Amino acid sequence: MKRPASTAGRFFVRSSWNNGRPGHHTIPPMSPSPRPLDLVVFDCDGVLVDSEGITGRVFAGMLRELGADVDEHELARLCIGRSTADSLGMAARLLGRPLPSDFAERYGERSRAALAKEVTLMPGVAAMLDALDLPCAIASNGLRMKMAITLRVTGLLERFEGRWFGIDDVERGKPFPDLYLLAAGTLRARPARCVVVEDSPTGIAAGRAAGMTVLGYAGGLPSERLLEAGAHYVFDDMAHLPALLDALRRATPVAIVPAG
């Protein structure tokens, strides 16, 4: 899904001074003084890897085979941040009847095959990761079987060895904080010193529940939606993430502009 042209390359902040809406001012970060950051934890799908359109296409195609009238782009939007189990439950409601017993297995097989052939990095991710000087991890609502494919194909598997976590690593996926707390605990990072990068309301809720600073990446959903979900800051260009993290560490002002 394309980013809105009117918001390209800009930061937005959730601000009590402006009723939670993007403002015209330069506002310092939430912390009044410089603070260290121990860890950056990325969501995977739609943040690091461009996978949601692929799985949405497969999902929609299989539902059409069952007689459902669904749009793959709208379905992908509805599934952003959801676990596979949640997405299947939503699909059954859209269909108006239970899914076939083997639907989940066949969907997993088809989606993994498509991802293995088509998945790429999200724009600007490679350069952004090279520019970061902080420890990083990945925490996803996806299954590890799928993550292993997307991370391997995009060249991230070795880079994040021992530092990527999926929904089958915890009892509760997002919006619960378990995945983010697992990442922090494994890497001996204090949650209050962790930053989460998320693209969905579900993930934003998980990051906030973990007591972490949440940056919303508007690569799919509008910036306003992520701010309303509780993101502390929103950005829409991966090239700007290193500077935003540096501003958080230094407590230097971040320029805020209107959302259009």
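None of these values were measured; they are calculated from a predicted model.
- Cluster partners of Leu179, using a side-chain heavy-atom cutoff of under 4.5 Å among ILVMFWY residues and allowing indirect links, are Phe165, Val170, Leu182.
- Looking at Leu157 and Trp164, their side chains come closer than 4.5 Å, going by heavy atoms from C-beta outward.
- To the nearest 0.5 Å, atom CZ of residue Phe160 and atom CG of residue Leu48 are 5.5 Å apart.
- For Arg172, the side-chain hydrogen bond (donor to acceptor under 3.5 Å, both in side chains) partners two or more places apart in sequence, or in a different chain, are Asp178.
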For a quick test of your reading: what N or O donor-acceptor pairs under 3.5 Å do the side chains of residues 145-155 make, sequence neighbours left out?
{"from": "Lys146", "atom 1": "NZ", "to": "Asp45", "atom 2": "OD2", "distance (Å)": "2.9"}
{"from": "Thr150", "atom 1": "OG1", "to": "Met147", "atom 2": "O", "distance (Å)": "3.1"}
{"from": "Thr154", "atom 1": "OG1", "to": "Thr150", "atom 2": "O", "distance (Å)": "2.6"}
{"from": "Thr154", "atom 1": "OG1", "to": "Leu151", "atom 2": "O", "distance (Å)": "3.4"}

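- Side-chain contact between Pro191 and Tyr180 is absent, with no heavy-atom pair separated by less than 4.5 Å.
- Here Arg57 pairs with Glu118 under the salt bridge (Lys or Arg N to Asp or Glu O under 4.0 Å) rule; sequence neighbours left out.
- The stretch residues 120-130 participates, sequence neighbours left out, in these salt bridge (Lys or Arg N to Asp or Glu O under 4.0 Å) pairs: Asp130-Arg159.
- Side-chain atoms of Leu39 and Arg163, non-hydrogen and from C-beta on, never get closer than 4.5 Å to each other.
- By the rule that hydrophobic residues join a cluster once side-chain heavy atoms approach within less than 4.5 Å of another member, Val214 and Phe176 end up as members of separate clusters.
- The main-chain N or O of Arg193 is never found under 3.5 Å from a side-chain atom of Asp38 such that the two would form a donor-acceptor pair.
- Under the side-chain contact (heavy atoms from CB on, under 4.5 Å) criterion, Arg93 pairs with Met90, sequence neighbours left out.
- Of the inter-residue distances, the one linking Phe103 atom CZ with Leu66 atom CG reads 6.0 Å to the nearest 0.5 angstrom.
- The one candidate from Arg208, Lys174, Arg225 that meets the salt bridge (Lys or Arg N to Asp or Glu O under 4.0 Å) condition with Glu198 is Lys174.
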